[in-house]
*Asks:* 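Before we start, here is the structure in question, set down as structure tokens.
Residue numbers count from 1 along this sequence. Quick note: numbers below take in every heavy atom, side chains included, and nothing from hydrogens, waters or symmetry partners.
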Amino acid sequence: MSAFSCARHLFSGSAALALVLWLVPPVQAAEPVDVELVLAVDVSLSMSPGELEIQRHGYAAALTHDNVLQAIADGAYGKVAVTYVEWAGATTQQVVVPWTVIASRVDAERVAAQLSAHPPASARRTSISGALEFGSDLFAESGFQGTKRVIDISGDGPNNQGAPVDITRDAVVKQGIIINGLPLMTRGGFGGAYDVNNLDRYYSDCVIGGPGSFMIPVNDWTQFPEAIRRKLVLELAGAASPQRAREEAGHPPVVLAQDRPTDCQVGEKMWRDRSWMFDAR
């Protein structure tokens, strides 16, 4: 090949490469935040319409609470990214609030307004594992880079559909994601026959996981707003935050008495033996 031909090929290759680079949009760097938080909220049929509204209002009030906003402001970046998901069965997950930055009261009020825009809808079955898998996938498309990634999952019963919850929990934790829990031990709504005793123990042994993971049980719906506020402060505040220190001092962690091991398949077994029950969850 002549020198001229060789130069021509090099020029053509360089031109083609330049064209490809011009056509491909540049990769945007992920925006840094202190925490990426998935709020995963149970809307299975065991929850009454009134209870679904209590949940929505509780999260809206907590996100705009002074203590929560101060916890966010105390972070290294002073901002967090939040998304709100409602879930029920293995294939029932709905993003109510897409990934949104909260760095001010105005931001928090915008999220609260989205929570109030449309009434929640319930669905059949309870798949905590499905909610965890869906929540973990959301981090890949968040567009943010948090120093901590957390799934905050609430529910009023055990897993009864989808993959085993403890195996899914372990897989999600291996991705560097923390799972915190809010077991709702309220004994309300339709389908109470599927309730289990010691749901807090079930969440502790089968659902939560990761460094510093915790759960806050709710025994009555009047406790829900305060429990959500406390939980968000502990999740969003940095280790050195005065807000976190005050919460931990005022409300020591729940320590469950050690007893027989929890059966993480209890929900699935109850569902298989449901012949005498209503097909509720």
Side-chain angles (χ1 to χ4, degrees), residues 21 24-41 59-87 93-115 131-154 168-182 208-216 228-248:
L21 293 175
V24 175
V27 177
Q28 297 294 324
E31 180 180 351
V33 293
D34 292 300
V35 182
E36 293 174 76
L37 176 64
V38 175
L39 297 172
V41 181
Y59 280 98
L63 288 167
T64 55
H65 195 282
D66 288 343
N67 289 3
V68 174
L69 294 174
Q70 187 60 54
I72 294 172
D74 288 341
Y77 296 105
K79 57 184 177 180
V80 299
V82 175
T83 183
Y84 185 100
V85 178
E86 292 179 337
W87 60 272
Q93 300 93 21
Q94 179 182 3
V95 176
V96 178
V97 180
W99 284 108
T100 304
V101 168
I102 298 180
S104 66
R105 180 173 295 278
V106 172
D107 296 334
E109 289 175 347
R110 187 178 300 116
V111 172
Q114 289 178 274
L115 290 176
L132 292 178
E133 290 174 351
F134 185 84
S136 64
D137 288 343
L138 289 176
F139 290 109
E141 58 190 54
S142 75
F144 299 98
Q145 182 64 51
T147 56
K148 183 168 65 172
R149 296 184 295 166
V150 179
I151 297 176
D152 176 338
I153 189 160
S154 62
T168 302
R169 181 266 317 273
D170 293 344
V172 170
V173 169
K174 284 181 180 179
Q175 300 175 43
I177 298 168
I178 298 167
I179 303 169
N180 296 327
L182 191 80
I208 68 172
S213 61
F214 64 94
M215 61 92 192
I216 297 179
I228 290 296
R229 182 194 61 75
R230 284 176 51 207
K231 197 157 185 288
L232 287 177
V233 168
L234 293 173
E235 287 169 334
L236 300 178
S241 169
Q243 292 291 117
R244 184 183 182 95
R246 281 193 289 271
E247 286 293 339
E248 290 178 332

*Asks:* Might you point out which heavy atoms bring Val173 and Gly209 nearest each other, and give the distance in Å?
*Replies:*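 Looking at all heavy atoms of both residues, the closest pair is CG2-C, 3.6 Å.
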*Asks:* Nearest heavy-atom pair of Gly135 and Ile151: which atoms, and what distance?
*Replies:* C-CD1, 3.9 Å
*Asks:* Locate the shortest heavy-atom distance separating Ala30 from Phe144; write the atom from each residue and the value.
*Replies:*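 Heavy-atom minimum between the residues: CB-C, 3.8 Å.
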*Asks:* Taking Gly146's backbone N and O only, do any of them form a donor-acceptor pair with Glu36's side chain (distance below 3.5 Å, no angle check)?
*Replies:*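 Judged by distance alone, yes, a pair lies under 3.5 Å.
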*Asks:* Around atom CD of Glu31, are there more than 12 heavy atoms from other residues, nucleotides or ligands closer than 6.0 Å?
*Replies:* yes
*Asks:* Between Val41 and Ser154, which heavy-atom pair has the shortest distance, and what is it?
*Replies:* CA-OG, 3.6 Å
*Asks:* To the closest 0.5 Å, what do you measure between CG (Asn180) and CG (Leu234)?
*Replies:* 8.5 Å
*Asks:* How long is the span from the CG atom in Asn67 to the CZ atom in Arg229, to the nearest 0.5 Å?
*Replies:*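 Going from CG on Asn67 over to CZ on Arg229, the span is 5.0 Å.
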*Asks:* Can you sort out the partners of Tyr59 under ring-ring contact (aromatic ring centres under 6.0 Å, His included), two or more places apart, ordered by chain and number?
*Replies:*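 ring-ring contact (aromatic ring centres under 6.0 Å, His included) list for Tyr59, sorted by chain: Tyr84, Phe224.
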*Asks:* Considering residues at least two apart in sequence or located in another chain, which fulfil the side chain to side chain donor-acceptor pair (under 3.5 Å) criterion with Asp34?
*Replies:*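 Asp34 satisfies side chain to side chain donor-acceptor pair (under 3.5 Å) with no other residue.
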*Asks:* Quickly, which of Val38, Val172, Asp152 forms a side-chain contact (heavy atoms from CB on, under 4.5 Å) with Ile179? Name it, please.
*Replies:* Val172
*Asks:* After noting the C-alpha distance and the side-chain angles of Leu232 and Leu37, does the key distance pass the side chain to side chain contact (heavy atoms under 4.5 Å, CB included) rule?
*Replies:* CA-CA 10 Å; Leu232 287 177; Leu37 176 64; 3.7 Å; yes
*Asks:* If I compare all heavy atoms of Lys231 with all of Gly181, which pair ends up nearest, and what's the gap?
*Replies:* CE-O, 3.0 Å
*Asks:* Within the 4.5 Å heavy-atom criterion, are Gln114 and Val96 side-chain neighbours or not?
*Replies:* no
*Asks:* Hey, does the side chain of Thr83 reach the backbone of Val97 with a donor-acceptor pair shorter than 3.5 angstrom?
*Replies:*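 Present.
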*Asks:* Mind listing the closest non-hydrogen atom pair of Val80 and Ile72 along with its distance?
*Replies:*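 So the minimum-distance heavy-atom pair works out to CG2-CD1, 3.9 Å.
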*Asks:* Give every residue pair that meets the salt bridge (Lys or Arg N to Asp or Glu O under 4.0 Å) criterion with at least one member in residues 103-112, sequence neighbours excluded.
*Replies:* Asp66-Arg105, Asp107-Arg110
*Asks:* Do any pairs count as a ring pair (Phe, Tyr, Trp, His ring centres under 6.0 Å) and have a residue in residues 62-81, sequence neighbours left out, and if so which ones?
*Replies:*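 Non-adjacent pairs meeting ring pair (Phe, Tyr, Trp, His ring centres under 6.0 Å): zero.
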*Asks:* Assess the residue pair Thr168 and Glu133 against the criterion (side chain to side chain contact (heavy atoms under 4.5 Å, CB included)); give the C-alpha distance rounded to whole Å, side-chain angles, the decisive distance to 0.1 Å, and a yes or no.
*Replies:* CA-CA 7 Å; Thr168 302; Glu133 290 174 351; 3.6 Å; yes
*Asks:* For Leu138, does its backbone N or O pair with a side-chain atom of Trp99 as donor and acceptor, under 3.5 Å?
*Replies:* yes
*Asks:* My understanding is that only residues two or more places apart in sequence, or in another chain, count here; which of them pass salt bridge (Lys or Arg N to Asp or Glu O under 4.0 Å) with Glu86?
*Replies:*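 Counting only residues at least two positions away or on another chain, Glu86 forms a salt bridge (Lys or Arg N to Asp or Glu O under 4.0 Å) with Arg56.
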*Asks:* Walk me through whether Leu182 and Ile216 qualify under side chain to side chain contact (heavy atoms under 4.5 Å, CB included).
*Replies:* CA-CA 5 Å; Leu182 191 80; Ile216 297 179; 4.1 Å; yes
*Asks:* Among all residues two or more places apart in sequence or in another chain, which pass the side chain to side chain contact (heavy atoms under 4.5 Å, CB included) test with Gln94?
*Replies:*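 For Gln94 there are no side chain to side chain contact (heavy atoms under 4.5 Å, CB included) partners, ignoring immediate neighbours.
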*Asks:* Measuring only between side-chain heavy atoms, which start at C-beta, is Ile178 closer than 4.5 Å to Lys148?
*Replies:*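 Heavy-atom side-chain distance check passes, below 4.5 Å.
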